[in-house]
Amino acid sequence: MSELFLTVLNMSLTASYVILFVILIRLLLKKAPKVISYALWSVVAFRLIIPFSFESIFSLMPWNTNTVPIPHDIIYQENPQINSGIEVVDSFLSKSLPGPATGASVNPLQIYIEIGACIWVLGIIVLLIYSLVSVLQLTGQLKSAKLIEKNIFEAENMKTPFVLGWIRPKIYLPVGLKAEERSYILLHEQTHIHRTDHIIKILAFLILSVHWFNPLVWIAFMLMSTDMELSCDERVLKEMNEEIKKPYTNSLLSLAAGTHILNGSPLAFGEGNVKGRIKNVLNYKKPRFWVIVFSIIIMAAVGIGFMTNPISSPSFNGSSYRVEEILYQAPMYSFGYTLDTAPQYSISSDYQLYSKQITDEDWNMHNGLYTYKISKKELYALFNPPYDKAHEAISQAKLIYLADPNDDNQTFYLVIQLKNGDVLLAVGYDNEENRHIRWLFRLEKLSDSNGEAAGIKLNTKDDNMDGQITSFAWEFINKDIVNYESNPEVNIIDSKITRLELIETFDSLADAPIDVYALEYRLLPEDLSKVVLAGGMDVDEEGWLKEASSMGRPLIVVLRNSDSLKLVGTLWTGEVSGKLGLEPAIQSLLEPIVPVPTVL
């Protein structure tokens, strides 16, 4: 239920943005036919009931709703984050969210969301019961109504005309209407039926019941009901000519003064906003052709703009890159790169950064990338003049990630994703005297070489060895499954390897080459809510447990002989720092275990 509640919250947030714009556009279209304003509310309904959409360059949405603002795994995140795409809002809301309490078995945020979900369901039940009671009371009052013709009835105890019914709607009129008055009131109610307003109103009320906690949805429901009535009034004036304005307004006044059906019922056509309806009837003039055309164009543009999502920027992780353009080289250095000599870079699906010089065969690991908060002013200050081209490029920065290898040169890497989807990579040095960027590259994607797109890349050229390495990986994964299932409430129902790739080879550490493989995998629990996530552990968008932990990601270390492999052991990316950090870690695995002498 908590997941469903989060889905509804995300839809409500998206629809709130659309509601505000529809209200604004509704004011701008004041002189347009009210049926245009009425039709615009269908865009709001779409956003309130459909949690996804297709992408378009014409989208007016500030974020792509296929990526939800409130992630479903937020209750399992160590630092809960809201991702609406509006940085100021995200920062404020994310800081206000409680993180996991130290030593607690349940995240406080999980408790709050479960309580919120229960209150949400209770609110829906209350509204539906209220609506059902009002319909039953109304049905009881209509038992004495007399059939006049077809589906038209007269009720003595009612002074307001209305439509009742879903499949075979009936029109109920007050007793004592004059023939002329009866004709246009009847036309008004028949227009409701012809346009299926009796069904639309009930569906709108059901949507309102689901999103009852959002005040903007209540406002939208009331304005939609008003536009429904105003557009019906205009249809009557158009069909019967404008000369009936005065008697029509007199009827509205007299009917409004009578006994109404229950307020809050989704069947309550024409009860509210009598003053607005009278004013609209008196001011009605047949709209000019250009006004109609302009209104239809606006309606179409708004519909496409708010029913579609903006084209999402492609993810930069899980890919390898070459340098497409050198945007900046610090002027104080004599050595520089050209496009032919610049390094290649690779970013794994778990945001591990690797680089390789053009003359090297092996990739160097530079630790993981993490979100980095830095102002444009601070970022600009890392460049020494001339820097115009660099400043122009990073002015379009959307997301910035940092990798800090902690090497002797105090190197740091910034991966900068631009608003148009381009990826920049900055290489700099962080010494105490002068923290600065030495190179800024614009990267070009070569291939999806890591993560799920890459799958398994063993590079052994031997099927037998491939099977051995995969067997080592599954041995490690099965141990992790046993660890999870040590909790009797946890049941892992599926598992998969998403990456098993050779990242380093050492020829001089042992009698045979030592190969290091990066392992990434996913585990699917039967019930995610039963899994207690420790620090660093994470869940993907589909509910699969990631291999990540506070120690980083696993590395499988093997000794490669001519015809077989031997498992040396397992390391973690959090324990090592690049290739230099791997060597001593592997040496410690290779050291023989010294037996402890037995004391007799």
Side-chain angles (χ1 to χ4, degrees), residues 11-66 84-86 187-188 191-197 199-201 203-204 207 216-217 219-242 245 273 276-277 279-312 419-420:
M11 290 191 294
S12 208
L13 284 172
T14 302
S16 296
Y17 178 83
V18 180
I19 289 170
L20 292 173
F21 267 87
V22 169
I23 291 173
L24 177 61
I25 294 166
R26 182 176 176 271
L27 294 174
L28 297 176
L29 295 176
K30 206 168 184 179
K31 294 186 177 181
K34 293 301 181 285
V35 69
I36 300 294
S37 300
Y38 180 39
L40 284 176
W41 295 110
S42 62
V43 181
V44 174
F46 175 84
R47 285 299 185 182
L48 286 170
I49 60 177
I50 305 296
F52 54 85
S53 184
F54 53 91
E55 297 179 354
S56 168
I57 59 173
F58 302 107
S59 176
L60 298 174
M61 297 297 297
W63 65 82
N64 193 314
T65 57
N66 293 334
S84 70
I86 304 175
L187 178 58
H188 180 102
T191 301
H192 277 311
I193 295 175
H194 180 71
R195 298 192 316 188
T196 65
D197 285 344
I199 297 176
I200 292 173
K201 192 73 176 286
L203 292 177
I207 294 173
L216 285 175
V217 178
I219 293 172
F221 179 78
M222 290 185 290
L223 292 177
M224 183 277 297
S225 301
T226 297
D227 289 338
M228 177 188 290
E229 294 300 328
L230 295 180
S231 60
C232 249
D233 290 337
E234 289 183 352
R235 177 65 182 271
V236 172
L237 296 175
K238 183 180 177 181
E239 292 288 330
M240 302 193 72
N241 70 61
E242 298 180 22
K245 284 183 179 181
N273 195 29
R277 290 181 63 189
K279 185 178 179 181
N280 186 65
V281 169
L282 293 176
N283 293 333
Y284 174 78
K285 291 181 181 179
K286 187 176 181 180
R288 297 180 180 179
F289 176 76
W290 69 267
V291 173
I292 296 176
V293 172
F294 176 76
S295 301
I296 292 174
I297 292 174
I298 293 295
M299 182 180 67
V302 170
I304 295 173
F306 287 114
M307 292 179 72
T308 59
N309 290 329
I311 296 176
S312 57
K419 293 177 182 177
N420 63 0

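The first residue in the sequence is number 1, and the count goes up from there.
Proximity of Asp197 to Tyr38: side-chain heavy atoms (C-beta onward) are separated by under 4.5 Å at one or more points. Annotation: side chain of Val18 is in contact with side chain of Met61 (closest heavy-atom distance under 4.5 Å). Between Ile19 and Ile219, the closest side-chain pair of non-hydrogen atoms is not below 4.5 Å. For the pair Ser56/Asn309, no side-chain contact is recorded, criterion being any heavy-atom separation below 4.5 Å from C-beta on.
In this structure a side-chain-to-backbone donor-acceptor pair under 3.5 Å is missing from Glu234 to Val35.
For the atom pair CG of Leu60 and OG1 of Thr308, the computed distance is 7.0 Å after rounding to the nearest 0.5 Å. Here Ile193 contributes atom CD1 and His188 contributes atom NE2; the two are 11.0 Å apart, rounded to the nearest 0.5 Å. A distance of 10.5 Å separates OG of Ser59 from CD1 of Ile57, quoted to the nearest 0.5 Å. Note that the NE2 atom of His192 and the CG atom of Leu187 stand 10.5 Å from one another [nearest 0.5 Å]. If you take CZ on Phe294 and CE on Met299, they are separated by 12.5 Å, rounding to the nearest 0.5 Å. Atom CG of Leu230 sits about 10.0 Å away from atom CG of Leu223, to the nearest 0.5 Å.
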What do the steps show when you test Arg195 against Met228 for side chain to side chain contact (heavy atoms under 4.5 Å, CB included), and what is the final call?
-> CA-CA 10 Å; Arg195 298 192 316 188; Met228 177 188 290; 4.0 Å; yes

Kindly indicate, with the supporting measurements, whether the criterion side-chain hydrogen bond (donor to acceptor under 3.5 Å, both in side chains) is fulfilled by Arg47 and Ser12.
-> CA-CA 8 Å; Arg47 285 299 185 182; Ser12 208; over 6 Å; no

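More than 12 non-hydrogen atoms from other residues, nucleotides or ligands lie less than 6.0 angstrom from CZ of Phe46.
Residues in residues 288-310 take part in no salt bridge (charged side-chain N to carboxylate O under 4.0 Å, His left out) pair, two or more places apart or across chains. Residue pairs satisfying the side-chain hydrogen bond (donor to acceptor under 3.5 Å, both in side chains) criterion with at least one member in residues 290-300, sequence neighbours excluded, are absent.
Residues passing the side chain to side chain contact (heavy atoms under 4.5 Å, CB included) test with Phe289 are Val293, sequence neighbours excluded. For Phe306, the ring-ring contact (aromatic ring centres under 6.0 Å, His included) partners at least two apart in sequence or on another chain are Phe21. Annotation: side chain to side chain contact (heavy atoms under 4.5 Å, CB included) contacts of Ala204 (sequence neighbours excluded): Phe221, Met224.
In terms of heavy-atom proximity, Ser225 sits nearest to Lys201 at OG-CE, 3.1 Å.
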Name each donor-acceptor pair under 3.5 Å that joins a side chain in residues 23-30 to protein atoms two or more places apart or in another chain, with its distance.
{"residue": "Arg26", "atom": "NE", "partner": "Asp227", "partner atom": "OD1", "Å": "3.1"}
{"residue": "Arg26", "atom": "NE", "partner": "Asp227", "partner atom": "OD2", "Å": "2.9"}
{"residue": "Arg26", "atom": "NH2", "partner": "Asp227", "partner atom": "OD1", "Å": "3.0"}

